[in-house]
**Student:** 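Pasting a structure here, questions to come.
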Amino acid sequence: MADQVRVRYAPSPTGEPHVGNMRTALFTWLFARNMGGIFILRIEDTDQSRKVEGVIEQFLDALRWLGMDWDEGPEVGGDHGPYIQSQRLAGYHQAADELLEAGEAYRCYCTIERLAEMRQEQNRLNRQTGYDRRCRHLSSQERRGREAERGEWVVRFAMPLEGTTRVTDLIRGEVSFENRLIDDFVILKSDGFPTYHLAVVVDDHKMEISHVLRAEEWLPSTPRHLLICRALGWEPPKFAHLPMILAPDRSKLSKRHGATSVLEYRQMGYLPNAMVNFLALMGWSLDDKTDLFSTGDLVRHFSIERVGRSGAVFNLDKLNWLNGHYTRQLTPEELTDRLLDYWRRYLPEEVPALPDGAYLLRIVPLIHERLKTLKDAAPLVAFFFKQEAQYESQELVQKGMDAEGTRLALSGALESLSGVKAFDADAIEAVLRPLAEDLGVKVGQLFGSLRIATTGLRVSPPLFETLEVLGKERSLAAVRDALARL
RNA sequence: GCCCCUAUCGUCUAGUGGACCAGGACAGCGGCCUUUCAAGCCGCAAACACGGAUUCGAAUUCCGUUGGGGGCACCA
């Protein structure tokens with residue numbers, strides 16, 4: 001039990017579940033599953049002012065979409081609950097009181113205004129910013145005075161004034177920080193809520209967390225967490241700070257770089273297993289040749305030792321390739337179901353209504369290997385669901401042809417196709433190819449005109465199969481219509 | 001300004017002192033296939049940031065420089 005791996009993913013409901021967050025969640029989950037450990041979900045909602053409604057649900061939704069299940073946390077419970085920090089206030093107060101008692105923390109009565117002024121001044125003088133410890137050595141009489149006067153205060157951790165704190169990071173090795181360069185940070189806010197620094201330490205301890213996997217941006221505050229742990233007499237968890245996910249310009253990934261929420265990728269038609277595979281490759285690798293991993297493969301092979309140390313640029317090209325790969329991997333039935341599910345959720349404007357599954361299943365093989373995302377399907381298949389093909393009449397005339405030649409070609413096609421009994425791709429091809437030769441036109445020219453006439457598209461699924469699915473009647477009607485337009 | 005992390009093809013990366021005139025993947029380019037577009041196959045181009053040091057030998061170790069990133073809130 002003592003060496004049971006217990007890890008947590010602890011999102012803060014202040015923004016969307018963006019790809020960086022989810023990569024952290026994924027690595028944490030993979031580590032838990034690989035080690036046969038417990039994966040805990042904890043909501044860190046200690047900032048009342050920045051809380052955004054509905055975001056917790058988005059995180060749960062995103063986790064589920066990517067196939068990550070949690071053993072303890074919201075909706076599933078567990079022995080270490082509640083799993084929402086705003087419901088665990090008593091524990092933080094108790095820890096703060098203990099620190100106060102032991103002289104490891106103190107009440108600070110400085111106003112926000114004074115703090116802001118102080119910071120501004122420090123910046124102006126190009127000096128190191130940080131709390132000036134004005135309230136650290138107040139006499140008890142002074143404290144009584146301030147308390148009567150202000151009525152509220154924060155609790156600050158009393159940093160050791162000297163010495164160094166060493167962090168042992170599973171990814172980066174030993175990292176040292178000089179205590180004197182860290183200020184007396186707030187652990188309990190005046191609204192009675194803890195800051196992240198206190199809450200994370202208290203909860204990781206109470207939830208018996210063995211390893212903390214989090215983004216690299218937390219590395220500089222790790223000595224604070226270690227020091228709080230030490231002051232409370234607790235054994236700290238092991239730490240692993242994951243490399244950041246960067247935008248193409250190598251800055252921190254943000255909204256201005258496009259989609260950042262993984263849910264937006266679902267909306268854009270990406271498959272969850274492609275997203276998981278992609279995210280896993282952002283900062284982790286197995287060897288020098290493997291880049292296709294199922295979730296099961298990842299669980300089997302994941303290890304912190306193989307996590308990289310430098311930031312990784314979010315590479316949409318690779319995601320697209322992976323998505324195309326996994327899409328092609330689907331059976332036609334599976335892809336049909338995915339498409340139907342996708343359209344049920346986000347009906348594209350090209351498609352008038354959710355199509356019949358059996359009919360869609362006949363269409364799917366024609367577009368299967370042409371899709372990078374589910375979103376690509378609609379424009380490619382929309383004509384199947386419309387009464388007539390939509391195009392500009394002059395598009396019928398192919399390069400190197402004139403209107404008269406096109407008319408001849410199309411009426412020839414009309415005649416040939418009329419004679420086809422079993423209207424399938426092979427039979428259609430069997431009459432159309434010789435026709436091109438008889439007409440003395442290139443197959444590309446004949447087929448191009450027919451493609452426009454029947455689909456309205458310059459780029460379409462393969463012609464013969466398309467005609468087969470369209471059926472003889474609709475195909476002939478389309479050619480007649482084209483003839484009329486010439 | 002101070003602190004911390006980091007540095008291999010455009011991108012994701014393999015590489016833990018000799019097996020590396022550096023391997024894979026995506027993207028790019030060329031070709032094949034081909035009714036369009038894809039897919040597929042074959043091929044090409046493309047990197048150890050720089051400078052010192054250690055060593056018989058360095059992409060790999062150390063130091064420095066430079067670049068990039070992160071942190072320095074009553075935000076997480």
**Student:** Any ion pair linking Lys51(A) and Glu53(A) (charged N to carboxylate O, less than 4.0 Å)?
**Tutor:**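 Looking at Lys51(A) together with Glu53(A), the answer is no, because their closest N to O distance does not fall below 4.0 Å.
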**Student:** Only one of Arg107(A), Arg134(A), Arg224(A), Arg136(A) passes salt bridge (charged side-chain N to carboxylate O under 4.0 Å, His left out) with Asp184(A); say which it is.
**Tutor:**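 Of the listed residues Arg107(A), Arg134(A), Arg224(A), Arg136(A), the salt bridge (charged side-chain N to carboxylate O under 4.0 Å, His left out) partner of Asp184(A) is Arg136(A).
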**Student:** Would you say Glu415(A) has more than 12 foreign heavy atoms packed within less than 6.0 Å of its CD?
**Tutor:**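 For Glu415(A), atom CD is not crowded (no more than 12 foreign heavy atoms under 6.0 Å).
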**Student:** Whom does U11(B) pair with, Watson-Crick or G-U wobble, provided both distances fall under 3.5 Å?
**Tutor:**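 Because both required distances fall under 3.5 Å, U11(B) counts as paired with A25(B).
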**Student:** Between Arg8(A) and Asp204(A), does any NZ, NE, NH1 or NH2 come within less than 4.0 Å of an OD or OE carboxylate oxygen?
**Tutor:**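 A salt bridge links Asp204(A) with Arg8(A).
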**Student:** Could you tell me which nucleotide pairs with U55(B) by Watson-Crick or G-U wobble geometry, both distances under 3.5 Å, or answer none if nothing does?
**Tutor:**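 Partner of U55(B): none found under 3.5 Å.
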**Student:** Is there a side-chain contact between Arg309(A) and the phosphate of A7(B), meaning an N or O under 4.0 Å from OP1 or OP2?
**Tutor:**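 So the side-chain polar atoms of Arg309(A) do come within 4.0 Å of the phosphate oxygens OP1 or OP2 of A7(B), strictly under.
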**Student:** May I ask you to say what Thr46(A) touches in the nucleic acid, namely base, sugar-phosphate or nothing, with a heavy-atom cut-off under 4.0 Å?
**Tutor:**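 Here Thr46(A) touches the backbone only, sparing every base.
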**Student:** Polar atom pairs between nucleotides 25-35 of chain B and protein, under 3.5 Å, N or O only, would you list them?
**Tutor:**
from, atom 1, to, atom 2, distance (Å)
A25(B), O4', Asp291(A), OD2, 2.9
A25(B), O2', Asp291(A), OD2, 2.9
A25(B), O2', Lys318(A), NZ, 3.2
A25(B), N3, Lys318(A), NZ, 3.3
C26(B), O2', Asp317(A), O, 3.3
C26(B), O2', Lys318(A), N, 3.3
U35(B), OP1, Arg433(A), NH1, 2.9
U35(B), OP1, Arg433(A), NH2, 2.5
U35(B), O2, Arg451(A), NH2, 2.3

**Student:** Rounded to whole angstrom, note down the P distance from G68(B) over to U8(B).
**Tutor:**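 To the nearest whole Å, 14 Å.
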**Student:** If you look at every heavy atom in Arg451(A) and Arg458(A), which pair is closest and at what distance?
**Tutor:**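 It is CD-O, 3.3 Å.
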**Student:** State the pairing partner of C72(B); accept Watson-Crick or G-U wobble contacts with both distances under 3.5 Å, and report none otherwise.
**Tutor:**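 Answer to the pairing question: G1(B), which forms a Watson-Crick or G-U pair with C72(B).
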**Student:** Between C3(B), C12(B), A73(B), spot the one nearest the side chain of Arg119(A), thanks.
**Tutor:**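 Within the option list, the nearest is A73(B).
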**Student:** Do Asp287(A) and Ser285(A) get their side chains close enough for a donor-acceptor pair, meaning under 3.5 Å?
**Tutor:**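 Asp287(A) vs Ser285(A): no donor-acceptor pair found between side chains.
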**Student:** Taking any strand in view, what nucleotide pairs with A39(B) in a Watson-Crick or G-U wobble way, both distances under 3.5 Å?
**Tutor:**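 Across all strands, not a single nucleotide pairs with A39(B).
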